[in-house]
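Heads up: the structure comes next, in structure tokens.
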There are 2 protein chains.
Amino acid sequence: MRSTSRTETFPAHTPAASQIFTTVLSHGPLTRLEAARRAGLSAAAVTKAVRPLLADGYLVEAADEGARPALGRPASLVRVDGGRALFIGVKVTGGELIGVLTDLCCRIRLARRVPLTDRATRAVLASTAELAHELLVEAEDFGAPVLGLGVAVSGEVDRAEGAVRYSPFLDWRDVPLAELAATTTGLPVTVENDVRALTVAEQWFGAGAGLSDFAVVTVGAGIGCGLVVNGRVVAGAHGVAGEIGHVTVDPAGPPCHCGNRGCVEAIAGEAAIVSRIREATGIPVADATEAVRLAHQGVAGVREVYARAGEAIGRGIATVANLLGPERVIISGEGLAAYDLFAEQIRDAFTAAAFGSAARCDVQTRPLPFEEWARGAAATAIQSFISSDHPHLSR
Amino acid sequence: MRSTSRTETFPAHTPAASQIFTTVLSHGPLTRLEAARRAGLSAAAVTKAVRPLLADGYLVEAADEGARPALGRPASLVRVDGGRALFIGVKVTGGELIGVLTDLCCRIRLARRVPLTDRATRAVLASTAELAHELLVEAEDFGAPVLGLGVAVSGEVDRAEGAVRYSPFLDWRDVPLAELAATTTGLPVTVENDVRALTVAEQWFGAGAGLSDFAVVTVGAGIGCGLVVNGRVVAGAHGVAGEIGHVTVDPAGPPCHCGNRGCVEAIAGEAAIVSRIREATGIPVADATEAVRLAHQGVAGVREVYARAGEAIGRGIATVANLLGPERVIISGEGLAAYDLFAEQIRDAFTAAAFGSAARCDVQTRPLPFEEWARGAAATAIQSFISSDHPHLSR
DNA sequence: TTCTTTCATTGACAGCGGAAAATAAGAGCC
DNA sequence: GGCTCTTATTTTCCGCTGTCAATGAAAGAA
């Protein structure tokens with residue numbers, strides 16, 4: 001038995017097999033017949049695809065709990081064996097790294113946060129490697145190999161090349177992050193834009209499961225958007241996509257750091273809200289938390305700032321709905337802490353600006369901590385693993 | 001030899017074969033090796049896919065003209081035999097039907113326009129059938145069978161079902177147009193949204209050829225948008241997509257017929273421009289043609305209206321670019337007659353509002369007459385034919 | 001003529017996924 | 001318990017696709 005697990009590969013190279021695996025991963029324990037139906041294949045195909053996956057332990061037979069129909073042979077359930085393998089996901093924010101160790105089912109087993117004082121590539125890389133090593137050591141207790149590392153970074157990311165093209169937040173340009181992280185951690189590395197990583201997690205396990213067209217809108221320091229069209233995450237021709245934060249909703253609006261005026265982010269981003277509240281009240285508000293507190297205390301003028309932010313977000317969502325016709329829009333991000341302050345305005349602005357059947361789009365909120373973003377990064381690593389498509393291996 | 005050609009089917013049912021056919025259709029005469037490269041297949045696969053298509057006359061060997069490399073066996077070219085089959089495309093506008101007879105290469109052989117006085121379903125259907133019959137009769141001269149009819153209608157269209165869900169322009173709701181037209185014409189019918197049909201034509205033969213992410217923006221009575229993401233035309237979950245005309249670019253802007261304010265269409269649609277010029281000048285401008293003339297005559301206040309329209313269009317395009325990151329945006333539509341009046345504003349507004357690498361998107365104009373939209377309708381019929389996927393046959 | 005180069009074709013072959021038949025595993029009934 | 005009915009899963013072919021490696025074909029060059 002070889003000791004290195006680095007070269008472990010997934011025993012299902014056909015599109016159909018990895019699609020069946022993904023279906024089972026995403027839709028919990030399934031009977032083979034149900035999996036066949038969902039994947040649009042024959043039952044025989046499922047049996048054949050499942051066999052090697054069972055043999056290698058990636059899938060296991062699940063206990064058949066719950067009511068069974070009175071008639072016929074009882075179905076046997078198949079599910080992914082989470083304990084079979086582990087993955088690490090890291091989300092890089094301006095101030096800290098959020099790392100999670102997940103199992104093959106992408107369930108979070110451990111979570112760690114480490115502060116980040118220096119945003120230079122070398123420093124972030126060193127911290128990431130340290131965090132990954134820490135999780136690798138702890139992973140030994142779980143008795144399963146760690147098969148990949150996913151890193152989620154805001155900005156323009158070229159996932160295929162594993163490179164960060166441009167991250168305004170970190171002030172990085174053309175950093176071959178996957179390659180660098182692979183050499184320092186010894187793991188296969190996948191790099192993806194942070195919102196797209198979160199979108200993958202939602203597509204597999206969250207409110208986007210089973211949908212072929214949906215959007216994830218993240219509200220917080222920045223305002224971002226992950227799009228799924230025809231079942232695929234949209235990456236854009238130049239690595240840019242989903243920049244809902246820089247959709248103009250009011251040409252007479254406040255200037256944005258991007259150089260334009262009236263972007264959603266310039267009205268509803270945390271920095272914008274805080275500075276707008278300062279202007280309106282004269283109170284030296286420090287951060288978003290304090291801003292929310294002031295709003296709840298009923299300080300005059302604060303609620304209006306949130307109302308305007310909600311309107312901007314609602315318009316941005318309507319724009320997405322008008323252009324792409326998604327089935328659902330999932331609102332998430334730290335900014336949801338203030339959701340009660342602008343829920344109504346989001347909904348009203350969306351309804352007013354959504355055109356025709358686009359208004360039938362289901363807009364819902366999901367509070368997701370940063371650990372969920374890191375989980376999304378792990379999900380991209382799992383994607384790379386099951387598609388046996390690791391552009392950047394450890395050597 | 002059977003006389004009925006209605007049941008003629010395409011002899012390539014595999015995805016690979018129809019992909020190779022589409023590649024040859026779209027990229028002109030190709031060597032087999034070149035076709036293999038473009039389709040991502042082996043040369044052997046091309047040889048095998050091409051053989052039955054040659055046998056049935058859909059493809060032919062093309063004369064090898066032009067410079068050949070000095071060395072090696074000269075390549076033999078393959079191209080689609082346009083004369084092998086014919087298709088009819090019809091674009092329905094508020095005032096007329098535009099019909100074209102195209103060959104299998106989707107080259108327009110004949111074009112006809114008939115006025116439309118009544119927009120009721122029955123009347124439009126009768127006129128469409130009449131137009132189709134006229135073209136069918138003329139088609140006999142070409143000695144090739146007519147294998148399909150494509151109809152392009154503005155509004156929400158369910159292509160798979162062949163139904164018009166809602167067309168505000170025609171005031172139709174849930175009209176099973178494909179079924180109705182199939183029974184009156186005896187042809188397999190494909191129904192598609194008009195802008196998406198035009199987008200298919202651009203994807204195959206126009207400025208979108210070879211691109212996996214681009215957008216077509218149509219400027220005219222309405223402002224529409226066809227989107228191609230990951231190589232596929234976006235249809236949206238509810239049949240709505242690409243409603244750039246109802247993207248809000250100025251919440252303080254004029255009211256739109258959709259009930260909202262400041263939509264692109266409410267600023268840059270023909271009706272909006274005309275009425276805005278009337279307000280500004282007091283001249284009872286009748287239509288867009290007259291409006292353009294006034295602008296060119298330098299009547300005070302008219303150019304400003306166009307400038308504002310250009311700004312709105314540029315912002316709308318920037319919104320598309322920010323959300324989807326297309327490689328190219330193609331501006332077309334009757335409104336291009338006025339393009340010199342707002343080209344600068346479109347470009348400036350786009351550049352100002354495009355975020356990061358989204359600004360690298362190539363924005364270009366293509367004047368395309370309505371016949372080109374009808375050709376797009378024919379292209380959708382060809383699509384249905386080669387994918388052997390006719391939801392609505394003649395019986 | 002013979003060699004070289006490049007394009008195209010052929011034939012063997014592996015593997016996928018489907019259809020249909022066979023098998024498995026209950027539950028109910030006698 | 002044995003039989004039957006029903007539904008889930010597996011097995012057994014079987015056709016088909018696309019690849020590989022080898023071969024053929026069609027030039028120009030030596």
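Values reported hereafter were calculated over all heavy atoms of this structure, with side chains retained and with hydrogens, waters and symmetry mates removed. Every chain is numbered from 1 and lettered A, B, ... according to where its sequence line falls, protein lines coming before strand lines.
The two residues B/Ser26 and B/Ala209 come nearest to each other via the heavy atoms OG-CB, 4.2 Å.
Within the structure, every pair that satisfies the salt bridge (charged side-chain N to carboxylate O under 4.0 Å, His left out) test and touches residues 375-386 of chain B, not counting sequence neighbours, is listed here: B/Glu372-B/Arg375. Pairs passing the salt bridge (charged side-chain N to carboxylate O under 4.0 Å, His left out) check and including a residue from residues 201-211 of chain A, sequence neighbours excluded, read A/Glu202-A/Arg366. Under the ring pair (Phe, Tyr, Trp, His ring centres under 6.0 Å) criterion, the residue pairs touching residues 17-36 of chain B are B/Phe10-B/Phe21, with sequence neighbours excluded.
With sequence neighbours left out, the side-chain hydrogen bond (donor to acceptor under 3.5 Å, both in side chains) criterion links A/Arg232 to no other residue. When the salt bridge (Lys or Arg N to Asp or Glu O under 4.0 Å) test is applied to A/Asp103, the partners found at least two apart in sequence or on another chain are A/Arg107, A/Arg109. Legend: residues meeting side-chain hydrogen bond (donor to acceptor under 3.5 Å, both in side chains) with B/Gln383, ordered by chain and number and at least two apart, are B/Arg159. Under the side-chain hydrogen bond (donor to acceptor under 3.5 Å, both in side chains) criterion, B/Arg196 pairs with B/Glu192, sequence neighbours left out. A/Thr31 meets the side-chain contact (heavy atoms from CB on, under 4.5 Å) test with A/Leu33, A/Glu34, A/Ala75, A/Leu77; sequence neighbours excluded.
A/Asp213 places no side-chain N or O within 3.5 Å of a backbone atom of A/Val229 that could act as its donor or acceptor partner. Checking side-chain atoms of A/Arg328 against main-chain N and O of A/Ala207 turns up a donor-acceptor pair under 3.5 Å. Between the side chain of B/Gln203 and the backbone N or O of B/Gly231 there is at least one donor-acceptor pair closer than 3.5 Å.
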Please list, for nucleotides 14-18 of chain D, all pairs of protein and nucleotide N/O atoms separated by less than 3.5 Å.
none

Protein and nucleotides 23-25 of chain D: nitrogen or oxygen contacts under 3.5 angstrom:
residue: D/dG24; atom: N2; partner: B/Arg73; partner atom: NH1; Å: 2.3

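Between the CG atom of B/Leu77 and the P atom of C/dC7 there is a distance of 12 Å, given to the nearest Å. Summarising the geometry, the separation between CG on B/Leu71 and C1' on D/dA26 is reported as 12 Å, rounded to the nearest angstrom.
Taking side-chain N and O atoms only, B/Thr47 has no distance below 4.0 Å to OP1 or OP2 of C/dT10. Residue B/Arg51 has no polar side-chain atom (N or O) positioned under 4.0 Å from OP1 or OP2 of C/dT9.
Fit an axis to the five pairs at each end of the helix from C/dT1-D/dA30 to C/dC30-D/dG1 and the two axes sit 30° apart, to the nearest 10 degrees.
The cationic group of B/Arg84 lies under 6.0 Å from the six-membered ring centre of B/Tyr58 and within 45° of the ring axis, placing it in a cation-pi geometry.
Checking C/dA8, D/dA8, D/dA26 against the side-chain heavy atoms of A/Ala75 singles out D/dA8 as nearest.
Near-neighbour residues of DNA chain D inside residues 30-40 of chain B, defined by a heavy atom below 4.0 Å, are absent.
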